[in-house]
Number of protein chains: 2
Amino acid sequence: MSNAYDHNAAILVAVDCTILGFGDGKLKLLLFKRRVEPFKGQWSLIGSFVKPKEGVLEAATRVLKDYTGLQNVFLEELSYFGNPDRDPGGRVITLAHYALMRIGEQDEQLVEKYNAQWFEVDKLPDLVLDHRRIVEKALEKLRRKARYRPIGFELLPQKFTIPQLKSLYDAIHQKNLDRRNFRKKILSMDIIEKLDEKDKTGSKKGAFLYQFNREKYDALVARGVNFEL
Amino acid sequence: MSNAYDHNAAILVAVDCTILGFGDGKLKLLLFKRRVEPFKGQWSLIGSFVKPKEGVLEAATRVLKDYTGLQNVFLEELSYFGNPDRDPGGRVITLAHYALMRIGEQDEQLVEKYNAQWFEVDKLPDLVLDHRRIVEKALEKLRRKARYRPIGFELLPQKFTIPQLKSLYDAIHQKNLDRRNFRKKILSMDIIEKLDEKDKTGSKKGAFLYQFNREKYDALVARGVNFEL
DNA sequence: CCAAAAGTGTTATCGCTACACCCATGA
DNA sequence: TCATGGGTGTAGCGATAACACTTTTGG
């Protein structure tokens, strides 16, 4: 490799992915057993070095696919973590990302192969390096983002009930919203459609399933509508 | 240099700073003549490679100080730009930042030395590499940030009038707010204090100068108050 | 004296909050 | 039949939006 800037010191650049999901009324994080020294065997986010001819987001997408089998999930830049001594293995700057996915959609064989496991975000084990801080920042960002973008839908199954949706927002914002007001506001946005089916796993009576209207949803996102709840 | 990850390819990492200011009712950007090949002599953001033992934010702070003489200005991470072919001079990932400062406070000798110049953000010259996109992203971020943080104060002189403050928000949000409602809302936040002086540059009658109360301002920021206008 | 910007107050509307009762059903 | 969660409507309040006239003063 040769280029015009060779006199400058090169640094290792990695990407890491914070994978968030939602189940049983809780926000969850998918963790993996680290497979390289140092700290081999401890819980970790997934990551990889960025390859010389690969874009950064491309690298994050690759990592996500390699470890979960999933493409086309919500994946976005989070922040850099570039402290010179953050990694005793060497000077590595990591570009942290966060992904939102539906629990259960990931490839089970891969999950097993890599010893992956979902943890509730408020019951996390110790993580390697500064991954704990990365996760905290991802949660902050999720909370902020959920205020101006209906990001929650990325975390629910295609068909969901309104109580499920409310419980997701409760988990994200760590508060307990009013059922009636929540329903009113969501319905007034006109982005979800009622189906004829009911989901009976949550109650005897059963709750109607909804799905969201992708077009209206995208239009809303594009307009940058306020999504405070 | 030797470390546990040596088998991986190292990449050059840079920081760039988008410097925004406000004057004459317009948002402005401080640009510099690039001093290295390729594209030497063209308009550019300022930047530098991150040194081996230097943190990333530290590098951005250093750059800002070296080119403007200023420390303690608002400086924050923006985004990475990591396309493998974004820079024909080599594979460089840049970690873009944005800074907000008061026009006129920068060191004039340095500005002259580096051929720096303020441009209105909607009348920018061509910029090197992908710096145009970086600037656009910085403006988006500023607009978004200004909604939940009274960020505007970083851009005004210590003493300012309410019409000036309104004109700043008009410039940021590209709309023309109602004078009376603006005044009412700002004053209701109880973060600015009226002084006995008037500024007569804007009108014959003159407008009272205000300064903001740092403590109340910080408390508001910490509480994460809504700042929609 | 007049042009130009600064300063002020009220009203109507909208959205949010709070809150209580009936419904459907499986056990 | 009853316990459990699902579904609905309304009234009060606070914030926002719309809007017009008076004040000051340099030229």
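In what follows, chains are A, B, ... by sequence order, proteins preceding strands, each numbered from 1.
- Relative to the six-membered ring of A/Phe81, A/Lys137 meets both conditions, a distance below 6.0 Å and an angle of at most 45° to the axis.
- Exactly one residue among B/Leu129, B/Ile46, B/Leu127, B/Asn115 makes a side chain to side chain contact (heavy atoms under 4.5 Å, CB included) with B/Arg34. That residue is B/Leu129.
- Between B/Arg149 and B/Glu154 there is a salt bridge, since a side-chain N of the basic residue sits under 4.0 Å from a carboxylate O of the acidic one.
- Side chain to side chain, A/Thr94 and A/Asp16 meet the donor-acceptor criterion of an N or O pair below 3.5 Å.
- To the nearest angstrom, P of D/dG7 lies 10 Å from CG of A/Asp199.
- Ion pairing of B/Glu136 with B/Arg132 is present here, as a side-chain N (NZ or NE/NH1/NH2) and a carboxylate O approach within less than 4.0 Å.
- Defined by atom type and a distance below 3.5 Å, a donor-acceptor pair is present between the side-chain atoms of A/Lys166 and A/Asn176.
- In this structure, A/Asp130 contributes its side chain and A/Arg133 its backbone to no donor-acceptor pair below 3.5 Å.
- Formation of a donor-acceptor pair under 3.5 Å by the A/Glu105 side chain with backbone atoms of A/Ile103 is not found in this model.
- A 4.0 Å heavy-atom criterion places the boundary nucleotides of DNA chain C facing chain B at C/dA5 to C/dT10, written 5' to 3'.
- Taking the six-membered ring where the residue is Trp, B/Tyr217 and B/Phe153 present perpendicular rings, their angle passing 60° and hence far from 30°.
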### Task
Starting at the 5' end of nucleotides 22-27 of chain D, put B wherever the base has a protein heavy atom under 4.0 Å, S where only the sugar-phosphate does, and a dash everywhere else.
-BBBBS

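- Taking CD of B/Glu76 as the start and SG of B/Cys17 as the end, the distance is 12.5 Å to the nearest 0.5 Å.
- Non-hydrogen atoms lying under 4.0 Å from DNA chain D are contributed by B/Arg180, B/Asn181, B/Lys184, B/Lys185, all within residues 180-193 of chain B.
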